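These numbers were taken from a predicted model, which means no experiment stands behind them.
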Amino acid sequence: MTGDDAEELAVEQALALVGGRNQTRGRADGQTRGRADDQTRNRADDRARDRAGDQAGNRADDRPGDHAGDQTDGQMPHNQNPGEPTDPHPTPHTAPALALPWDRARAVAARAGRGGPLAVVRLPLDRALGHVLAEPLAALTDLPSFDTSAMDGWAVAGPGPWTYEEGVSLLAGVGESPAATRLSDGTAVRIATGARTPADTTAVIRSEHAHVDEARGLLSTRRPVVTGQDIRPRGQECRSGDALVPAGTVVTPAVLGLAAAAGYDALPAVPRPRVDILVLGDELLAAGLPHDGLIRDALGPMLGPWLRALGAEVSGPRRLGDDAEALREALTSSDADLIVTTGGTAAGPVDHVHPVLAALGAELLVDGVAVRPGHPMLLARLAPDGPHLVGLPGNPLAAVSGLLTLAEPLLAGLAGRPAQDAYRALVHADVPGHPHDTRLVPVVHRAGRAGGRDHVAPLRYNGPAMLRGIAGADGLAVVPAGGVRSGTEVEILDLPWAPATPWTEGCFT
């Protein structure tokens, strides 16, 4: 166990842990991004100002003695859960001098992702799914592009009854016939859904509402006829040039369908950020059961799919062990936009991330965050124009905390995605907090019963080395220092695969 692991475990053991979904995700309006020349001109000034403000504000927050309470059980609620032992002699912890408040660290990561102009590629429709639109989409034609029938039935002109020509029909996609060009008053023609209506058509009468007198060659209707009924007029959905979808929108199957209907064969998109994953630690096994002090690598299998869910192109994880030279070589040879490392972010004898970054002259944007689990996370810029590095703690849930705190907002900026809109939900239980730091606690959404409000329920298995809680979660509650009481609203971070319906009670709660 590294020094960081011991510190995280001691703090976690000092907490009394406690064991929800009517999701209300915010929708960003996808406003168009600023011009590239403005971003480039202001970039250096913004970085210096943001960094100075973050560090100055944090120095005011990190007053001497702020972390003395980390070793005291008495400040935590005492509802300890079964199976979660308490260490009677937890190790004191002092946060890094520049540890940023959680919300400030997240803002720094978001700004870093928006620090440069976005590249634009044109992707054919069959390759654009999941990318982000680099430009707004405007309609290339009226939709519909001509008046069409909304139903199978009869196109009629003027008042009825109407005469018709036997055997003549208007079909969708069939070239115009003389009957399709114009209807005279008192006449009708059979028409199919989607077919172009003739000029001077008054209405379309549905087949089930029509009565045909074949002997007399007359059509009548069983219902009153309203002018324009069951006709989709040209431009009903949009006119050519109308804005359809804003820049920053994620291309979903529905967006693809709309783009195709509006005349697009390819879409202007932001390339997905490329991510390399470097797994550090000699104690990690790639297969089999833990043995002889070795443990399974949980992060290698987890991080790739998680980062892909955040919109990135991800290479297979590389396992480097505790080798400073291998880490240096991997960082200098990577052509990724973001490098994610696991473990090695503290100050133990084999924690090489900080020394290697210093040797490479990297700029540390975030060096420690006042959040539990995951406080030793970091964000660095390896060169003025990137790439960036997110250093995750080695404990699995602490790494998840780092993903959502630093990697998610950074990738959103690099991919041109709008930031996740914050929203709040009632929490249905007391949730203990850290004396001074933010806690991220796995929660599940629950539908309200008997007229009650929808809420979230915290999940028990939320220690820094545990994945059992997050495996059953659909979000993380942002719990402020000191904790919250049942019935309090807390900020929620959704997970990318959050389910559409509430989970049922189970072994996670």
Q.
Is it the case that over 12 heavy atoms from other parts of the model lie below 6.0 angstrom from the CZ atom of Arg127?
A.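 For Arg127, atom CZ is not crowded (no more than 12 foreign heavy atoms under 6.0 Å).
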Q: For side-chain contact (heavy atoms from CB on, under 4.5 Å), just list the numbers for Thr249 and His131, CA-CA rounded to whole Å, side-chain angles, deciding distance to a tenth of an Å, and then say yes or no.
A: CA-CA 8 Å; Thr249 299; His131 285 75; over 6 Å; no
Search all heavy atoms of [X] against all heavy atoms of [Y] and return the closest pair with its distance.
X      : Y      : value
Ala119 : Pro271 : O-CD, 3.4 Å
Val356 : Arg328 : CG1-CA, 3.8 Å
Gly413 : Leu118 : O-CD2, 3.7 Å
Val490 : Ala477 : CG2-CB, 3.9 Å
Pro387 : Ile339 : CG-CD1, 4.5 Å
Pro432 : Val479 : O-CG1, 4.1 Å

Side-chain touch [X]/[Y], heavy atoms, less than 4.5 angstrom:
X      : Y      : value
Trp306 : Leu404 : yes
Arg439 : Asn462 : yes
Arg485 : Val431 : no
Asp322 : Glu283 : yes
Val456 : Leu426 : no
Ile295 : Leu284 : yes
Leu440 : Leu397 : no
Leu267 : Leu125 : yes

Please round to the nearest 0.5 Å and tell me the distance separating atom [atom1] of [X] and atom [atom2] of [Y].
X      : Y      : atom1 : atom2 : result
Glu491 : Trp102 : CD    : CH2   : 4.5 Å
Ser315 : Arg274 : OG    : CZ    : 10.0 Å
Leu414 : Leu310 : CG    : CG    : 11.5 Å
Thr341 : Leu320 : OG1   : CG    : 9.5 Å
Ile277 : Leu299 : CD1   : CG    : 9.5 Å
Thr488 : His428 : OG1   : NE2   : 12.5 Å

Q) Is the closest basic N to carboxylate O distance between Arg308 and Glu313 below 4.0 Å? A)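 Glu313 and Arg308: not salt-bridged.
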Q) Are Ser334 and Asp276 close enough, and set up right, to give a side chain to side chain donor-acceptor pair (under 3.5 Å), and what steps lead you there? A) CA-CA 7 Å; Ser334 174; Asp276 284 345; 2.6 Å; yes
Q: Evaluate side-chain contact (heavy atoms from CB on, under 4.5 Å) for Thr405 paired with Met377, printing each intermediate quantity in order.
A: CA-CA 9 Å; Thr405 300; Met377 69 182 74; 3.8 Å; yes
(Q) Working note: Leu244 + Leu258, criterion side-chain contact (heavy atoms from CB on, under 4.5 Å); need CA distance, chi angles, decisive distance, verdict. (A) CA-CA 8 Å; Leu244 296 178; Leu258 176 60; 4.2 Å; yes
Under a 3.5 Å distance rule, please check whether [X] uses its side chain to pair with a backbone N or O of [Y] as donor and acceptor.
X      : Y      : result
Tyr461 : Ala471 : no
Ser333 : Glu329 : yes
Ser401 : Pro373 : yes
His388 : Leu382 : no
Asp297 : Gly300 : yes

(Q) Can a side-chain donor-acceptor contact be found between His354 and Asp367 if the only test is distance below 3.5 angstrom? (A)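 Judged by distance alone, the side chains do pair up.
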Q: Step by step, work out the side-chain contact (heavy atoms from CB on, under 4.5 Å) result for Leu410 and Val390.
A: CA-CA 9 Å; Leu410 178 72; Val390 169; 4.1 Å; yes
